[in-house]
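Just so you know, these numbers use all the heavy atoms, side chains as well, and skip hydrogens, waters and symmetry mates. Since the model is a prediction, treat every value here as computed from it, not as a measurement.
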Amino acid sequence: MVQDERRQEQERVNEVVAIIGEKIEKITGKKSNVKQGIVDLRKNFWDDVTVNLDENDDVYETQASIKQQAELLSERERRHGQMSKELKTLSRLQDAPYFGRIDFREEDEQNAEPLYIGIGSLMDAKNEDFLIYDWRAPVASMYYDYAPGPARYMSLDGEVHGEMTLKRQFIIRAGKIRGMFDTGLTIGDALLQSVLGGKASLQMKSIVSTIQKEQNQIIRNETDRYLIVQGAAGSGKTSAALQRVAFLLYRYRKTLRSDNMLLFSPNPLFSSFISSVLPELGEENVVQTTFKDFIEERIGDELQVENPFDQTEACLTMEDNERLNTRIAGIRFKASLGYRNMIDQWLEHLKSEGMIFRDITFRDKIIVSSDEISKFFYALPETQSLLSRLEQVRDWLLRRMAVFSKRERQEDWVLEEAGLLDKSDYQSIFDKLQQEKRFSEDTFDDYDREELLLRKIVMNRRMKKQRRRVKQLEFVNFQKVYSEIFYQPFSDAETPEHWPEICRATRMRFEEGDCPWEDAVPYLYMKEKMQGRKGNQEIRHLIIDEAQDYSPTQLAYLKAAFPRCRMTILGDMNQAIYMQSLEQDTMLSEHLYNPEEVKKLTLLRSYRSTKEIMNFARAMVNGGDQIEPFERSGKLPEWIDAANEKDKVSIILDKLTAFKKNGFETFALIGKTMKECREAFRLLKDHTDVKLITQETYQFDKGFIIIPTYLAKGIEFDAAIIYDASAGNYCRERERTLFYTACTRAMHELVLLSSGEVSPFLNLIPDACYLRTSVDG
């Protein structure tokens, strides 16, 4: 019977593949015709447009003709784009038309209807019935949420109840069924074993066939403004978030576009790693950036913003002393809402005193001095907001600049510079003079008039930058206004330990034009409050990955920067690596949100690593016993004693040889810091083909790489070697999550090297969870 059913299913696959082939051929022909039509329209665009500008009516007719022709071209281009998108989906379906089948009998119906689930929808040859349902369609949700038995789904007409009589899963490659099995589970372990047992990829794959019930809750959530996902390492939270993006674009395709969504990823390397997921699902990639790039763009070139990785590197490599304690205390305090409240107090104080302004200058001449600006500002009613008063100062300054410009343009240097203008400038002046003659009965001297216009052009261009800065309220010295916070006598109850030292260090950095990473968001918060900068209304949904590394202050800033946004917030507290996020609130803390708008989901099952690796890693973190390893077996992690650098190099080279024999294609040597990685690279580069991954690396190839833990977040490798698991390297409590993150990058094999005493975190792991060897075995 099983063979009979498999034969019938293969026959259906053959029929579907044939229909797909016919559709591809048909659409390809139509697309070719549309493309030729577009080419002809572009070539003959102006031949088909009536151009007449003699009278007003003729101008309107000309505009209407151009608009009609442009709309026709735009409509053809849209059709061509839709056909291209449809062809891509059909090409993917041709290889593997679907991955699942459910037989569902609605209430009051006699027979169950078979429904096949794939990455896209497909109608039959007559476009009457569905041969395949898109995995995002409402009816397909049953495949992920129910075992055979009572089931329901939400349709446009309300909830539909019934019974699922069959759930079947397929592995189809090149139109051939390679595996087929019925299951009572959400997704059978056989399918997961097939998918997860493979090699690590250079880019994340979107495997919608293996979405689990708990992941499906993330993907299809439409009700909560803030969806927080706390997920163990390798639990599929990032993949689920990207599939959620695809679902939302499908569900709200009439009102939501990919450019209405913004994804914050931890680093450019990770952005490259996930870049293929949405295109695989037939959707355009959403806008991607890192939080650092986002903040840096908003600050502009007024300050040199520290990279968060440089901040982390500094804290990890600094000796344990008062300087390190001061830095960590400052980082943590500035990440808190308490510090934001301090900035609010300072903004209130600025209403009465403390504002610092810049001179408005031009060619070494002071147009308006900072003292004059300050007197004008503080002469305005204190009851007005800072923004209202600054806008009045702005308008006053623009008037003063206009008076100055009128006077300055009489200077000799202006006419000298006018002689260097382009021919186009002279032509525009000539055209303007001719226009004035047409509409003026007065006579005037063309030469004097021409000179005046030339002087105006020169002055307008030379004053343009100053005017723009004044319009943006840049006459305020925001840098110094922020620095002044660290001269103020705030009460001890509001400030952390080491506050005087924190103040001195911050003032010193800002005086040099350097903005520490912990100050970047607070500085922007203060500046944009004063400027009254409005939030981005276009972005409708934020996806924030590695949210355990974002602070409450950063969350508050994002809420203000994107006021219309819903947010999908993903992270794992056991992988927090930044000082601002250790042992305190982060964006994963649900009490930071309105309780009516937030939902928190937890993913406890880990799929990336083998059971042996996950059992090893989870033993070292708090709450690790809650993490559920997937039942995929492999080698025990190996902990090797290496007496010196020479032994380490020998071990690493031997392991690389073994990894290659096992068919592995991606393997990483993971260091705690970039400093450590550079040292390892120096030792190994002459012995093997190896690449060092830095902050500037945007993608990597197959083979052997060296990478610091904080750049490896979210990425996976067939095998990983921890370069130094010694007590001297991983011993502080704040390094526990960094060590855990490094260990959970490995899919199939994990090796740890140590010299001398081992990390105390390894002492937490039962002996049965690893093998311990030394260089001589």
Worked verdict on Gln548 versus Glu546 for side-chain hydrogen bond (donor to acceptor under 3.5 Å, both in side chains) = CA-CA 5 Å; Gln548 74 278 356; Glu546 304 294 349; 2.7 Å; yes
Should [X] and [Y] count as an ion pair when the cut-off is N to O under 4.0 Å?
{"X": "Glu538", "Y": "Arg564", "result": "no"}
{"X": "Glu631", "Y": "Lys611", "result": "yes"}
{"X": "Asp224", "Y": "Arg566", "result": "no"}
{"X": "Lys713", "Y": "Asp549", "result": "yes"}
{"X": "Arg608", "Y": "Asp718", "result": "no"}
{"X": "Asp625", "Y": "Arg618", "result": "no"}
{"X": "Glu222", "Y": "Arg251", "result": "yes"}
{"X": "Lys292", "Y": "Glu306", "result": "no"}

Nearest atoms (heavy-atom pairs only) where Leu249 meets Ser258 =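 Here Leu249 and Ser258 meet closest at CD2-N, 3.6 Å.
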Is there a side-chain contact between [X] and [Y] (heavy atoms, below 4.5 Å)?
{"X": "Tyr607", "Y": "Gln212", "result": "yes"}
{"X": "Glu497", "Y": "Phe333", "result": "no"}
{"X": "Glu283", "Y": "Val245", "result": "no"}
{"X": "Lys672", "Y": "Pro708", "result": "no"}
{"X": "Tyr523", "Y": "Ile299", "result": "yes"}
{"X": "Tyr698", "Y": "Leu269", "result": "no"}

Begin with the C-alpha distance, continue with both residues' side-chain angles, and end with the deciding distance and a verdict on salt bridge (charged side-chain N to carboxylate O under 4.0 Å, His left out) for Asp320 and Arg732.
-> CA-CA 10 Å; Asp320 275 329; Arg732 305 169 188 85; 3.0 Å; yes
Going by atom types alone, do [X] and [Y] pair a side-chain donor with an acceptor below 3.5 Å?
{"X": "Glu518", "Y": "Gln311", "result": "yes"}
{"X": "Asn615", "Y": "Tyr770", "result": "no"}
{"X": "Thr317", "Y": "Thr673", "result": "no"}
{"X": "Gln695", "Y": "Asn267", "result": "no"}
{"X": "Thr568", "Y": "Arg244", "result": "yes"}
{"X": "Thr610", "Y": "His748", "result": "no"}
{"X": "Asn729", "Y": "Ser726", "result": "no"}
{"X": "Asp545", "Y": "Thr238", "result": "yes"}
{"X": "Arg298", "Y": "Tyr557", "result": "yes"}

Please assess Glu313 against Tyr710 for the test side-chain hydrogen bond (donor to acceptor under 3.5 Å, both in side chains), listing each intermediate value before the final yes or no.
-> CA-CA 9 Å; Glu313 184 82 9; Tyr710 50 75; 2.4 Å; yes
Take atom [atom1] in [X]; do more than 12 heavy atoms of anything else shown fall under 6.0 Å from it?
{"X": "Glu596", "atom1": "CD", "answer": "no"}
{"X": "Lys529", "atom1": "NZ", "answer": "no"}
{"X": "Lys635", "atom1": "NZ", "answer": "no"}
{"X": "Glu597", "atom1": "CD", "answer": "yes"}
{"X": "Glu297", "atom1": "CD", "answer": "no"}

Any sub-3.5 Å donor-acceptor pair from [X]'s side-chain atoms to [Y]'s backbone N or O?
{"X": "Thr586", "Y": "Leu588", "result": "yes"}
{"X": "Thr312", "Y": "Pro308", "result": "yes"}
{"X": "Thr290", "Y": "Pro266", "result": "no"}
{"X": "Glu528", "Y": "Tyr525", "result": "no"}

Indicate the ring-plane relationship of Trp135 and Tyr144, choosing parallel, tilted or perpendicular according to the 30° and 60° boundaries.
->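 Correct class here is perpendicular.
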Measure centre to centre between the rings of Tyr730 and Phe739, then say whether the value is under 6.0 Å.
->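 Ring-ring flag for Tyr730/Phe739: true, centres closer than 6.0 Å.
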Ring centres under 6.0 angstrom apart (Phe291, Tyr578) =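 No: the rings miss the under 6.0 Å criterion.
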Stepwise side chain to side chain contact (heavy atoms under 4.5 Å, CB included) check, Asp572 with Thr741 | CA-CA 10 Å; Asp572 177 13; Thr741 302; over 6 Å; no
Flag this pair as yes if the NZ/CZ of [X] is under 6.0 angstrom from the six-membered ring centre of [Y] and inside a 45 degree cone about the axis; otherwise no.
{"X": "Lys599", "Y": "Tyr593", "result": "no"}
{"X": "Lys167", "Y": "Tyr143", "result": "yes"}
{"X": "Arg253", "Y": "Tyr250", "result": "yes"}

Verdict with supporting geometry, Phe616 and Leu762, side chain to side chain contact (heavy atoms under 4.5 Å, CB included) | CA-CA 9 Å; Phe616 175 88; Leu762 288 172; 3.4 Å; yes
Please assess Asp724 against Leu753 for the test side chain to side chain contact (heavy atoms under 4.5 Å, CB included), listing each intermediate value before the final yes or no.
-> CA-CA 5 Å; Asp724 186 359; Leu753 307 179; over 6 Å; no
Yes or no on ring-ring contact (aromatic ring centres under 6.0 Å, His included) for Phe562 and Phe294, after CA distance, side-chain angles and deciding distance?
-> CA-CA 12 Å; Phe562 301 98; Phe294 171 72; 5.5 Å; yes
